[in-house]
*Asks:* 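Quick one: the structure is below, and I'll ask about it shortly.
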Amino acid sequence: MMRTEDQSQFKTEIKLWLKKHKLGYGWVAEQCGVSEITVRNWMSQKSIPPLKQQLLERVMEQVPSPQPSLGGLPGIKVDACFSLTVQLTADLYSRLAEKASLCGKTMESLVAESIIKLVTDEESNSAMRTRKVILPPAN
């Protein structure tokens, strides 16, 4: 669904989409492999090259809508699009590093194992909820 004629509507869609997802031109620049200045030029006066426009259209279709905030977890900010970025306060970072050290793991491996456990626990809980149990008749 590439638009090559007038890009003004597409540029407006990009701006609204970025605002909705709380992303900026710097993020677009990273996705397209260009500088933020280049993206700003595209959005103000220059046209977006066709291949970059196709890339942006795909990204806009595939990136999920923003999730509600993690109200109960102060000091943690999560950004998950195609990768996962977790920003921690210095105190939480230290606590996580200490826990990883006590387990004899790197922080990265501790977090990766925790994510895997979350996914597999949910899958096994889901399977358990759908399993039918037949009890023997009472004597």
*Asks:* CE/M43 to OG/S8 distance, rounded to the nearest 0.5 angstrom?
*Replies:* 10.5 Å

*Asks:* For C32, is there any backbone N or O sitting under 3.5 Å from a side-chain donor or acceptor partner on K52?
*Replies:* yes

*Asks:* For K15, look at atom NZ and say whether over 12 heavy atoms of other residues, nucleotides or ligands are found less than 6.0 Å away.
*Replies:* yes

*Asks:* To the nearest 0.5 Å, tell me how far Q31 CD sits from L23 CG.
*Replies:* 8.5 Å

*Asks:* In Å, rounded to the nearest 0.5 Å, how long is the span from CH2 of W17 to CD of E61?
*Replies:* 11.0 Å

*Asks:* Rounded at 0.5 Å granularity, tell me how far CD1 in I14 sits from CD in Q53.
*Replies:* 7.0 Å

*Asks:* Go through the structure and list residues passing side-chain hydrogen bond (donor to acceptor under 3.5 Å, both in side chains) with S114, not counting sequence neighbours.
*Replies:*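 Result, side-chain hydrogen bond (donor to acceptor under 3.5 Å, both in side chains) vs S114: none returned.
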
*Asks:* For W42, does its backbone N or O pair with a side-chain atom of K11 as donor and acceptor, under 3.5 Å?
*Replies:* yes

*Asks:* Output the distance between atom CD (E30) and atom OH (Y25), rounded to the nearest 0.5 Å.
*Replies:*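 E30 CD to Y25 OH: 15.5 Å, rounded to 0.5 Å.
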
*Asks:* Using a strict cut-off of less than 4.0 Å between a Lys/Arg side-chain nitrogen and an Asp/Glu carboxylate oxygen, indicate whether R40 and E36 qualify as a salt bridge.
*Replies:* yes

*Asks:* Whether the side chain of Q7 engages the backbone of I48 through a donor-acceptor N/O pair (distance < 3.5 Å, no angle test) should be reported.
*Replies:*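 Side chain of Q7 to backbone of I48: a pair is present.
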
*Asks:* Would you say the side chain of E108 lies within less than 4.5 Å of the side chain of V111, judging by non-hydrogen atoms?
*Replies:*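 No; the side chains remain at least 4.5 Å from each other.
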
*Asks:* Is a side-chain N or O of S101 found less than 3.5 angstrom from the main chain of A97, in a donor-acceptor match?
*Replies:*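 Between the backbone of A97 and the side chain of S101 there is no qualifying donor-acceptor contact (under 3.5 Å).
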
